[in-house]
Structure formats: structure tokens, C-alpha cells
Amino acid sequence: MAEQKTKPTEQSVESFLKNVTDEKVREDCFALIGLMQKVTGATPKMWGSGIIAFGKYHYKYDSGHEGDTCLTGFSPRKQHIVLYIMSDLSSYTALLEKLGKYKAGKGCLYIKKLADVDRNVLESLITQSVDSLKKKYPDK
């Protein structure tokens, strides 16, 4: 089985965020840390070189592929802040309709700035996703 590329690191979240040059994006990152920490009860941890992650779970697919990944997280990128909503976004159509301005990929939301989305809706979306993952992949 292939080695998982994105894993927890010892890099400091604070030192990573010091390198985010756009002050508004950095402020949004700290707000997202507060929101995701509230939802998960987990301390932020760097995964790979650029993902701020919260919690983790062990998954195993029918194919036999398995590994560990975060419950939720985000990464400030050049064009967007990428929010990792680890469950299937198609399950959250009603919430996404109320979210605001975003783009979506498989399990990811792309936002320019936090002000573009409704924070209460975002919190509900993250909460439902985390709850769903905890039910699907309970700690053993």
C-alpha cells in the first residue's frame, strides 16, 4: 500500500501563519481556527506543509485502502482559502445554498475571504460533517 503523503508534522501553526503575507487572510485563518476548534474540540495541528487540521480519524474503504486523515481543516492558498470538509458535499445541498460565495471541489470549499460566507451556516456545515465522520468511523 502506498505511503500517505499528508501527515501530521511538528511545524508550529503560529509560525506557519506568520508567513501568510495578506493580513486579512491571516485574520480569517485565526477566525477559522476558533471556529474549527469549537466544533471539533481539537487543537490545530499542521498536516503536511500547508494544512491546518483538527482532529483525525482512521478510514478503511471497501477496496482495502486505509489511513488516517483530519476531521476538518483548511489551507490558505494564493487564490483561495481551501476548507477541507471531509465528507461528501452533496449531502449538504440545503446548507450550501445558504452559505454565500464559494466554489466547491470534492470535499473542499474554496473561499476568497470569510466575509463572503455566512459563518453560522459554515459552522453548521462543519459540525454536520464532523458528526457524520465520527459516526461512520468511530474510534476503536
Side-chain angles (χ1 to χ4, degrees):
M1 188 177 332
E3 170 116 13
Q4 192 168 325
K5 292 179 188 175
T6 306
K7 311 183 226 190
T9 70
E10 293 304 315
Q11 181 182 8
S12 156
V13 170
E14 292 77 20
S15 67
F16 171 72
L17 288 176
K18 284 180 185 174
N19 292 319
V20 174
T21 55
D22 185 315
E23 187 177 326
K24 184 62 184 146
V25 171
R26 194 169 44 252
E27 287 173 12
D28 284 352
C29 288
F30 281 108
L32 285 167
I33 286 172
L35 182 126
M36 290 182 173
Q37 200 164 11
K38 175 184 171 188
V39 168
T40 64
T43 303
K45 178 111 179 118
M46 293 301 300
W47 279 54
S49 62
I51 298 172
I52 299 171
F54 298 81
K56 75 175 187 175
Y57 66 97
H58 185 81
Y59 62 87
K60 184 172 184 178
Y61 299 137
D62 292 339
S63 67
H65 177 78
E66 64 182 296
D68 294 312
T69 194
C70 60
L71 286 169
T72 193
F74 69 93
S75 181
R77 304 277 173 86
K78 262 186 186 172
Q79 295 290 328
H80 300 93
I81 298 173
V82 182
L83 304 169
Y84 298 101
I85 310 298
M86 304 307 286
S87 55
D88 182 9
L89 287 176
S90 65
S91 305
Y92 306 105
T93 306
L95 282 172
L96 291 171
E97 287 174 359
K98 299 183 223 170
L99 183 59
K101 195 173 171 181
Y102 72 93
K103 291 182 182 179
K106 188 175 181 176
C108 297
L109 294 176
Y110 301 88
I111 63 171
K112 290 275 189 189
K113 56 187 182 252
L114 204 47
D116 287 343
V117 297
D118 182 310
R119 288 188 196 203
N120 291 325
V121 173
L122 182 60
E123 182 175 342
S124 293
L125 180 64
I126 294 167
T127 300
Q128 288 183 30
S129 172
V130 167
D131 289 348
S132 171
L133 290 168
K134 286 181 176 180
K135 284 178 189 160
K136 187 173 182 177
Y137 303 103
D139 289 340
K140 296 205 164 82

*Asks:* Can you name the closest pair of heavy atoms from Leu89 and Cys108 and give their distance?
*Replies:*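 Taking every non-hydrogen atom into account, CD1-O, 3.4 Å.
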*Asks:* So, for Lys45 and Thr9, which heavy atoms are closest and what is the spacing to 0.1 Å?
*Replies:*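 Looks like NZ-O, 2.9 Å.
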*Asks:* Answer yes or no: does atom NZ of Lys56 have more than 12 heavy-atom neighbours from other residues, nucleotides or ligands under 6.0 Å?
*Replies:*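 Result for NZ/Lys56: open.
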*Asks:* Is the shortest side-chain heavy-atom distance between Leu17 and Ile33 below 4.5 Å?
*Replies:*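 Answer yes - side chains close enough.
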*Asks:* Hey, could you give me each pair passing ring-ring contact (aromatic ring centres under 6.0 Å, His included) that has a residue in residues 94-117? Not counting sequence neighbours.
*Replies:*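 As it turns out, the ring-ring contact (aromatic ring centres under 6.0 Å, His included) pairs with a partner in residues 94-117, which skip direct neighbours, are His80-Tyr110.
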*Asks:* Where do Lys112 and Gln79 land on the side-chain contact (heavy atoms from CB on, under 4.5 Å) test, with the steps shown first?
*Replies:* CA-CA 7 Å; Lys112 290 275 189 189; Gln79 295 290 328; 3.7 Å; yes
*Asks:* If every non-hydrogen atom of Lys135 is compared with every non-hydrogen atom of Pro138, which pair is closest and at what distance?
*Replies:*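 That would be O-CD, 3.5 Å.
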*Asks:* Indicate yes or no: at least one non-hydrogen side-chain atom of Leu109 is less than 4.5 angstrom from one of Lys103.
*Replies:*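 No, their side chains stay 4.5 Å or more apart.
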*Asks:* So do Asp68 and Tyr57 actually touch side chain to side chain, heavy atoms under 4.5 Å?
*Replies:*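 Counting from C-beta outward, Tyr57 and Asp68 never come under 4.5 Å.
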*Asks:* For Gln11 versus Phe16, what's the shortest heavy-atom pair and its separation?
*Replies:*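 Gln11 and Phe16 have their closest heavy atoms at NE2-CB, 3.6 Å.
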*Asks:* Which heavy atom of Met36 sits nearest a heavy atom of Gly73, and at what distance?
*Replies:*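 For Met36 and Gly73, the tightest heavy-atom pair comes out as CE-O, 3.4 Å.
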*Asks:* Can you tell if the side chain of Lys101 reaches within under 4.5 Å of the side chain of Val117, non-hydrogen atoms only?
*Replies:*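 Counting from C-beta outward, Lys101 and Val117 never come under 4.5 Å.
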*Asks:* Spell out, as yes or no, whether a donor-acceptor pair under 3.5 Å connects the side chain of Thr72 to the backbone of Tyr84.
*Replies:*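 It does hold such a pair.
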*Asks:* Quick one: CG on Leu71 to OG on Ser132, what's the gap to the nearest 0.5 Å?
*Replies:*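 Rounded to the nearest 0.5 Å, the CG-OG separation comes to 10.5 Å.
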*Asks:* Please check this pair: side chain of Thr40 against backbone of Phe54, looking for a donor-acceptor N/O pair closer than 3.5 Å.
*Replies:*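 No; zero donor-acceptor contacts below 3.5 Å.
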*Asks:* Return a table of donor-acceptor pairs under 3.5 angstrom between the side chains of residues 122-131 and protein atoms on other chains or two or more places apart.
*Replies:*
unit_1	atom_1	unit_2	atom_2	d
Glu123	OE1	Lys38	NZ	3.4
Glu123	OE2	Lys38	NZ	3.0
Ser124	OG	Asn120	O	3.2
Thr127	OG1	Glu123	O	2.8
Ser129	OG	Ser87	OG	2.9

*Asks:* Atom CE of Met46 and atom CD of Glu14: how far apart are they, to the nearest 0.5 Å?
*Replies:*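 Spacing of CE (Met46) from CD (Glu14) equals 10.5 Å.
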*Asks:* Within a strict 4.5 Å, meaning less than it, do heavy atoms of the Val82 and Phe74 side chains meet?
*Replies:*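 Side-chain contact under 4.5 Å: no.
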*Asks:* Do Leu114 and Lys24 have side chains that get closer than 4.5 Å, going by heavy atoms?
*Replies:*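 The answer is no, as the side chains (C-beta and beyond) never meet within the 4.5 Å cut-off.
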*Asks:* Decide yes or no for Tyr59 and His65: does some side-chain heavy atom of the first lie under 4.5 Å from some side-chain heavy atom of the second?
*Replies:*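 When only atoms from C-beta onward are counted, His65 and Tyr59 do touch, with a gap below 4.5 Å.
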*Asks:* Is a side-chain donor or acceptor of Asp22 paired with a backbone partner of Val25 at a separation under 3.5 angstrom?
*Replies:*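 Yes, because the side chain of Asp22 sits within donor-acceptor range (under 3.5 Å) of the backbone of Val25.
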*Asks:* Looking at every heavy atom in both Ile52 and Pro44, which two are closest together, and how far apart are they?
*Replies:*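 Heavy-atom minimum between the residues: CG2-CB, 3.8 Å.
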*Asks:* Could you give the distance from CG (Leu32) to CD1 (Ile81), rounded to the nearest 0.5 Å?
*Replies:*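 Rounded to the nearest 0.5 Å, the CG-CD1 separation comes to 6.0 Å.
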*Asks:* For a 4.5 angstrom cut-off between non-hydrogen side-chain atoms, does His58 reach Glu66?
*Replies:*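 In contact.
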*Asks:* Are the side chain of Asp28 and the backbone of Lys113 linked by a donor-acceptor contact shorter than 3.5 Å?
*Replies:*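 Side chain of Asp28 to backbone of Lys113, a donor-acceptor pair under 3.5 Å: no, none is there.
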